[in-house]
Participant: 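I'd like to ask you about the structure that follows.
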Amino acid sequence: MKEMKYSASRRNWLRMMAALGAGAVSQFIPDGVRQAMAASKLVVGAIYVGAKDDFGYNQSQAEAAAALRKLPGVRVVEEERVPETIAVQKTMEAMVNEDGAGMVFATSFGYFSPYVLKVAQEYPSVDFSHCGGLWKPGMPKNAGSFFGYIDECVYLNGMAAAYASKSKKLGFVAAKPIPQVLRNINAFLLGARSVNPACTVSVIFTGDWSLPVKEAEASNSLVDQGVDVLTCHVDSPKVVIETAERRGIYCCGYHVNQAVLAPKGYLTGAEWNWETPYTILVNNAMAGKPMINFLRGGLKEGFVRTSPFGPAVSAKAKQHSLAVKARMMAGDFVIFKGPLLDNSGKTVIPAGVVQAQRDEVLESMNYLVDGVIGHV
Amino acid sequence: MHDGVALGSLLLALLGGIMRVSTPFLFVSLGECITEISGRINLGLEGTLVFGAMSGYGVSWLTGSPWLGVLAAGVSGMLLGLIHGLLCSLPKVNDIAVGIAMMLFGTGISFFIGKPLIQPEAAMLPSWHLGSWSHDPQVRDALRVNALLPLGLGLAALLRLAFKRTRLGLVLRLVGDNAAAARALGYHVVRLRILATVAGGFLAGIGGAFLSLYYPGGWNEGLSSGQGLMAVALVIFARWDPVRCALAALLFGAAGALGPALQSQGLTQGYYLFNAAPYVLTLILMTLSWRPGQTLAGSPGELSLTNRS
């Protein structure tokens, strides 16, 4: 006990001395870079909730972090398997104090509130970028959120699924009913219904981001109910995609390209391209500009991309999909517009109302649209 | 949408759940049963399960033979069992504390060594298609059985027989029930307990191989999500009877399939509750099998968990 106290106070003393030394010059150095100056490189921390080669979300983030390593003047430190608890706060503090991080990418949804907000307040000179949160004015200026409009790609997934499906029953294995997941489920259905209005999407919520046995059970029970195209929104789609292939049905990928896991049934997939926002944010910090608090982009901005079509996608489906994708790239395609009913019959978007991609209302979505079989 | 839940389909889903989900519970609980009968409790089997899953997957990937992977999983389980057994044989060492340490050690070392195994695709264990007579894909899938399940069920029956009829089984029970008496009769108590822990580790490791090499298949750090711990709890309400362990494991498999099966049929309200079914079941069974002021019937007398003194 005594020893711990001693070392903690020694660390504080060292920190104080370093601050005194740095304080003299720090007036002339912009925020965000100040901390990193000691090492003359910008140290960027990346924090993942799971393993960084999981064929899923964490891999998509780690690929972007790996791309950052190639930038001159950037050093990357990473930590995997950090739970969405006080643990992430400690990790962020350690990255700032021990590694001298000038910028931290906190990539899991549950990190944002209260942990990122709290640490951002504690270290005003460090930039904290969170993936997926909703930054609002009044929150710390050195915190921010970035995200991609992946529902565009999921909409295209839905179209491919509708063309491939015979039963017109599609399945969706989801982790938790949070806005981003619901938006994807709804986009998947709307994409499918744009091709064939008879399509339905059955959803199973497993309750957490990574539960392989439950995800496999969910996939199997969906197939048992006659679903012949599966997709998912869990941290690692590996189990869902492999189960679909094993049961001889089609699937659409998510997070990264999973075509190798399902060479026969993989139709297409919605992939992240985090390299784009990571690079924007890091260049911004290195240029000494204030933190970008709210950064979003879709297909057009290169934040997301689609997997190449699999062998089971028909020529007609490809053509239709590419036409819609071209409109998305041009920025004149709207997924969520009225009249739109939820699956209990309530109007969620009245006729004539258009909620375009950047509409922040979409980021607090709490309904499943008509045609989705499931309950939030 | 609400055309009700098709009972036949639900029962089939539960059957499928038994075939797919219960095997790891079965092997871990049988292993724990052997260890506890000898008078020790090994809470570390969650770690053994994960370590077995990782090493089984690794060996299957390296050699191309999933059965070699199963063997490797068993052997690595034995290794962890041996560490637990030896540590607990030191004076004044508490087996529960060592078990918790072994659980953390087992999972930690698996994540550490298993890093490069997340991406590669190892050869999977084959399955028997007992439902090939049917045209219903659900029946066909529910009746896909891996050889490890009947093997485990047979082992449960054999173990029950062994504990009742064979010399080794009776000696093991004596060691677990009254170490002083066993010592007086000239048996080497410590050695037998180490052996029982090693055997328990072997079975738990095989349970892990089922996870990574059959269902859900693949090595991932979230693979087990606490199944090893559940299996330990299962032994207690199975009252240290291998056959009851097997029945409880099957029940758990079915309960695990309940949540997804109901959701896929459109019964989507309260899915958190259905997903919690196996855990709720554990609590209910634990409560039912326990009465205040009374030791559990059939519990080994030397077990630190339920010590009578």
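Just so it is clear, the model here is predicted, and its values are computed rather than measured. Side chains are part of it too, since the values below use all heavy atoms of this structure and drop only hydrogens, waters and symmetry mates. Throughout, a chain's letter reflects where its sequence line sits, starting with A, and its residues are numbered from 1.
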Participant: Against chain B, label A/E217 side chain, backbone, both or neither, depending on which of its atoms sit under 4.5 Å from a heavy atom there.
Facilitator: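 Contact with chain B involves both backbone and side-chain atoms of A/E217.
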Participant: What residue, out of A/A51, A/A218, A/S221, has the most heavy-atom pairs lying under 4.5 Å from chain B?
Facilitator: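 Among A/A51, A/A218, A/S221, the one with the most close pairs to chain B is A/S221.
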Participant: Taking all non-hydrogen atoms of both residues into account, name the closest pair between B/P137 and A/R247 and its distance.
Facilitator: O-NH2, 3.8 Å
Participant: Would you mind checking which part of A/V203 comes under 4.5 Å of any heavy atom in chain B, side chain (CB onward), backbone (N, CA, C, O), both or neither?
Facilitator: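 Contact with chain B is through the backbone of A/V203 alone.
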Participant: Give the minimum heavy-atom separation between A/K238 and B/Y57, together with the two atoms involved.
Facilitator: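 In terms of heavy atoms, the two residues are closest at NZ-OH, 4.1 Å.
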Participant: Could you report the tightest heavy-atom contact between A/P212 and B/L223, atom names first, then the distance?
Facilitator: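 So the two residues come closest at CG-CA, 3.8 Å.
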Participant: Quick one: closest heavy-atom pair of A/L261 and B/E121, and the distance?
Facilitator: CD2-OE2, 3.2 Å
Participant: Using every non-hydrogen atom in the two residues, find where B/Q227 and A/V213 come nearest and quote the distance to one decimal.
Facilitator: NE2-CG2, 3.3 Å
Participant: Can you say whether A/D235 sits under 4.5 Å from chain B via the side chain, the backbone, both, or neither, judging by heavy atoms?
Facilitator: neither
Participant: Output the option from A/N220, A/T206, A/V223 having the highest count of non-hydrogen pairs under 4.5 Å with chain B.
Facilitator: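 Counting heavy-atom pairs under 4.5 Å, the top option is A/N220.
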Participant: Taking everything shown except B/W61 itself, do over 12 heavy atoms lie less than 6.0 Å from its CH2?
Facilitator: no
Participant: Can you tell me how far the CD atom of A/E242 sits from the CE atom of B/M124, to the nearest 0.5 Å?
Facilitator: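 Here the interatomic distance stands at 6.5 Å.
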Participant: Under a 4.5 Å heavy-atom cut-off, does chain B meet the side chain of A/T243, its backbone, both or neither?
Facilitator: neither
Participant: Need one label for A/V376: side chain, backbone, both or neither, based on atoms under 4.5 Å from any heavy atom in chain B.
Facilitator: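 Answer is backbone: N, CA, C or O of A/V376 sit under 4.5 Å from chain B.
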Participant: Side chain, backbone, both or neither: which part of A/E215 has an atom under 4.5 Å from a heavy atom of chain B?
Facilitator: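 Neither; nothing under 4.5 Å.
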Participant: Is atom CZ of B/F111 surrounded by more than 12 heavy atoms (other residues, nucleotides or ligands) closer than 6.0 Å?
Facilitator: yes
Participant: Which value, rounded to the nearest 0.5 Å, describes the distance between A/D224 atom CG and B/L10 atom CG?
Facilitator: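 CG of B/L10 is found 11.0 Å from CG of A/D224.
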Participant: Hey, could you give me the CG/CD distance between A/L222 and B/Q263, rounded to the nearest 0.5 Å?
Facilitator: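 With rounding to 0.5 Å, CG (A/L222) is 9.0 Å from CD (B/Q263).
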Participant: Non-hydrogen atoms of chain A under 4.5 Å away: do they reach the side chain of B/L211, the backbone, both or neither?
Facilitator: side chain
